[in-house]
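Nothing fancy with the numbering, it's 1 onward along the sequence. Note that the structure is a prediction, hence the values are computed from the model and not measured. Every number for a ligand or one of its atoms is a count from 1 in the order of the listing. Any value given below was found using the heavy atoms of this structure, including those in side chains, with hydrogens, waters and symmetry copies removed.
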Amino acid sequence: MGPELIAPPIDSRRAKLAGRAAQQIIADVIELGWPVGQVLGSESELLERYGVSRAVLREAIRLVEHQHVARMRRGTGGGLVIDEPDVDAVIGPAINYLLRVDATLDEVFDTRIVLEELVAEIVAQRAGESDVAAIRQTLERESVGDVVDYRLLHVQLAASTSNPVLELFVELFSRVINFHFNDTDALPADFHREVHRAHEGLARAILTNNPGVARERMRRHLSAEADFVRRQPSTVQRLDPSEALAATATDKRGEALARQIFADILGDPPGTFIGSEATLMSQYQASRAVLREAIRILEYQQIALTRRGPGGGLFVTAPDIVALTDVIAIYLRRRGVKPRHLEELRTGLELAVVEHVAAAIGTDGHEGAEAIWGSLRAESEQGLALAFSGGEDFHSVLGRLTGNRALQLVHRVTMRLGWQFFSQFSLDNPRAHAISQPEVIDSAHRGITEALVAGDTELALMRMRAHMSATSPTAI
Ligand SMILES: [Zn+2]
Ligand SMILES: [Zn+2]
C-alpha cells in the first residue's frame with residue numbers, strides 16, 4: 001500500500017512551502033557555522049527574509065523546532081534562537097523507524113560488523129600516542145572488572161575515528177542491540193574474560209598499526225558476540241516497542257502521548273484510521289493542546305497523518321526512510337561531517353552492499369536483476385539527481401536489494417550527504433563536472449550490473465571499488 005492511498009492534508013501547498021522555508025532556515029544556520037544561542041531573527045524579520053506568510057513561517061518553525069535546529073523564544077530579546085541538536089533527537093526516530101520496518105537483530109548485527117570493521121581499520125591506520133593511553137586504560141579497567149559496559153571500548157574506538165557518521169551509527173546499533181539483549185547478570189562468568197581477551201587481541205593489532213589484522217579480529221569478535229546473543233533464551237529477534245520507546249523518553253506530556261499512541265498503532269498497516277481529534281482526546285484523556293502536540297510529533301516522525309474534512313482524523317502512514325535520512329543528515333552537518341568522512345565510509349559500504357546483493361540475486365533469481373536494470377533505465381530517463389531523490393537510482397536500488405534495513409539506512413544517509421556536498425562543489429568545479437558525466441557513470445553502473453547478473457561477485461566488487469575511487473568526493 002503506497003502513501004497515495006492516504007489523502008493528503010487539505011493544506012498540502014502550505015506544508016510544502018513550510019518544508020522549503022524550514023530547509024532555508026537550516027541552510028542559513030549551517031552557513032553561519034551553527035552558533036548555538038544566537039538569535040536568527042524576530043518573527044517579522046524572518047517573514048521578510050523568507051518571503052512567506054505568517055502561517056507558513058509558523059509551520060516551518062515547528063519543523064525546525066522538532067529537529068532541534070532552532071526554537072522560538074518569546075518576549076524581549078526573543079526570536080528564533082539557534083539550538084543544539086542532540087544525539088537522542090536522532091536516535092529516537094531511527095529506532096522508531098527500525099521498529100516500524102520490523103528490522104531483525106541479524107540485520108542490525110550484520111550492519112554493526114560492517115561499520116566496526118571500518119572503525120578498526122581506520123583507527124589502526126592512525127592510532128597515535130593519545131589513543132595508546134586511552135585504549136590501555138580501558139583494557140586495564142576491564143581486566144580488574146571495573147568496566148560495567150563492555151561496549152565502552154567500541155564506543156571509544158568509534159570516537160577515535162573522529163568520523164561523526166561512524167560515531168553515530170556505532171552508538172545507534174549498539175543501543176538497539178541492548179534492547180534485544182541487556183541482561184548482563186545472565187552472562188556466564190567466563191563471558192567477560194573471553195570478551196576481554198578478544199579486546200586485547202584487537203587492541204594489539206590497532207596499537208601496532210595493523211589495519212588488516214584489526215579488521216579481521218573485530219569481525220571475529222563481533223560475530224562471536226552475535227552468535228552468543230542469538231543463542232540466549234531471552235533474546236528476541238524483533239524489537240520490543242516498549243523498550244525501544246523508552247529511548248525517546250522525555251517528561252513532556254505531548255511526547256509521552258505520542259509514544260503511547262505509537263505503541264498502540266504499531267503493526268497497523270498504512271492507511272488505518274486511528275481516530276478523530278474528539279475521540280482521541282477522550283480515549284487518552286488528553287487536552288486538545290497535548291493531543292495536538294502529540295499529533296505533530298507523530299506527523300513529523302512520519303508515523304501518522306491528519307486528514308481534514310468529513311471522515312477525517314488521524315491515519316497511519318508508511319515508514320519513510322527519506323524523512324529519517326533528512327533528520328540524521330541535519331544532525332551530522334551540525335557535528336561537522338565533511339566529504340573526507342564520507343569517503344572513509346563510502347567504499348566499504350558500497351562493497352558490503354554489492355556482497356549482500358550478489359548473495360540475494362543468487363537465491364531469488366532474475367527478480368533482483370530486473371530491478372537493477374530498471375534503475376539504469378530510470379537514471380538515463382530522469383537524470384541522476386531526480387532518480388536519486390525518488391530512490392530509484394542504481395545505488396539506492398542496490399541498497400534496497402540487500403534486504404537489510406539497517407544497512408540501507410546507513411547507506412542512504414551517506415549518499416544523501418554525498419549529494420549535498422557534491423551539489424555544493426559541482427557548481428563551478430570542472431573536475432566534479434567531469435566525473436559526473438552521465439555516460440561515465442552509466443557505463444560504470446552497467447559494468448557492475450553485468451558482473452552481478454552473471455554471478456561474478458569478485459568482478460562486481462572490483463568494478464564497484466574502481467567506480468568509488470573514480471568518483472571520490474575528496475578528489476574534487
Ligand atoms: Zn567487544
Ligand atoms: Zn554510482
Side-chain angles (χ1 to χ4, degrees), residues 109 112-113 115-117 119-120 123 135 138-139 141-143 147-158 170-171 173-174 177-178 181-182 184 187 191-206 214-229 342-343 346-347 349-351 353-354 357 372 375-376 378-380 383-385 387-388 391-399 411-412 414-416 418-419 422 432 435-452 460-461 463-473 475:
F109 254 127
R112 186 181 171 208
I113 291 174
L115 294 178
E116 295 213 33
E117 269 189 311
V119 167
V123 181
I135 292 170
T138 302
L139 290 176
R141 287 176 57 195
E142 278 184 2
S143 71
V147 172
V148 263
D149 186 357
Y150 54 92
R151 288 184 181 89
L152 178 64
L153 184 73
H154 296 267
V155 173
Q156 204 170 37
L157 293 177
V170 165
E171 170 82 28
F173 294 128
S174 92
I177 288 166
N178 255 333
F181 182 78
N182 61 359
T184 41
L187 295 171
F191 178 80
H192 286 114
R193 219 169 16 244
E194 241 169 74
V195 167
H196 177 62
R197 232 190 333 262
H199 284 181
E200 274 184 329
L202 177 62
R204 215 159 30 241
I206 286 171
R215 252 189 104 97
E216 179 55 33
R217 288 185 180 163
M218 181 65 97
R219 166 173 285 273
R220 223 182 304 145
H221 166 49
L222 290 180
S223 306
E225 191 181 311
D227 288 342
F228 177 83
V229 169
L342 303 181
E343 182 60 17
R346 210 167 72 106
T347 305
L349 269 181
E350 294 290 352
L351 294 179
V353 165
V354 166
V357 173
I372 308 176
S375 76
L376 297 184
E379 287 185 342
S380 70
L384 286 176
F388 174 75
E392 291 173 60
D393 63 298
F394 175 68
H395 293 280
S396 299
V397 167
L398 286 189
H411 184 232
R412 183 85 199 168
T414 310
M415 288 194 294
R416 175 72 212 245
W419 272 98
F422 188 77
I435 65 172
S436 62
Q437 285 301 299
E439 54 283 6
V440 180
I441 302 281
D442 183 63
S443 100
H445 290 177
R446 212 160 275 281
I448 298 163
T449 305
E450 279 160 7
L452 273 172
L461 287 170
R463 286 180 175 170
M464 180 58 95
R465 193 185 286 279
H467 175 45
M468 285 300 107
S469 35
T471 54
S472 160

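- Side-chain contact between Leu398 and Met464 is present, with at least one heavy-atom pair separated by less than 4.5 Å.
- In this structure, Arg412 satisfies the cation-pi test against Phe388, with its NZ or CZ atom closer than 6.0 Å to the six-membered ring centre and inside 45 degrees of the ring normal.
- In this structure, NE2 of His445 and NE2 of His467 enclose an angle of 100° at the Zn ion (ligand 2), rounded to 10°.
- Rounded to 10°, the angle formed at the Zn ion (ligand 1) by NE2 of His221 and NE2 of His154 is 110°.
- Between Glu450 and Arg446 there is no salt bridge, since none of the side-chain N atoms of the basic residue sits less than 4.0 Å from a carboxylate O of the acidic one.
- The Zn ion (ligand 2) lies closest to atom NE2 when only the N/O/S atoms of His395 are considered.
- Looking at Arg346 and Glu343, a side-chain N of the basic residue comes within less than 4.0 Å of a carboxylate O on the acidic one, giving a salt bridge.
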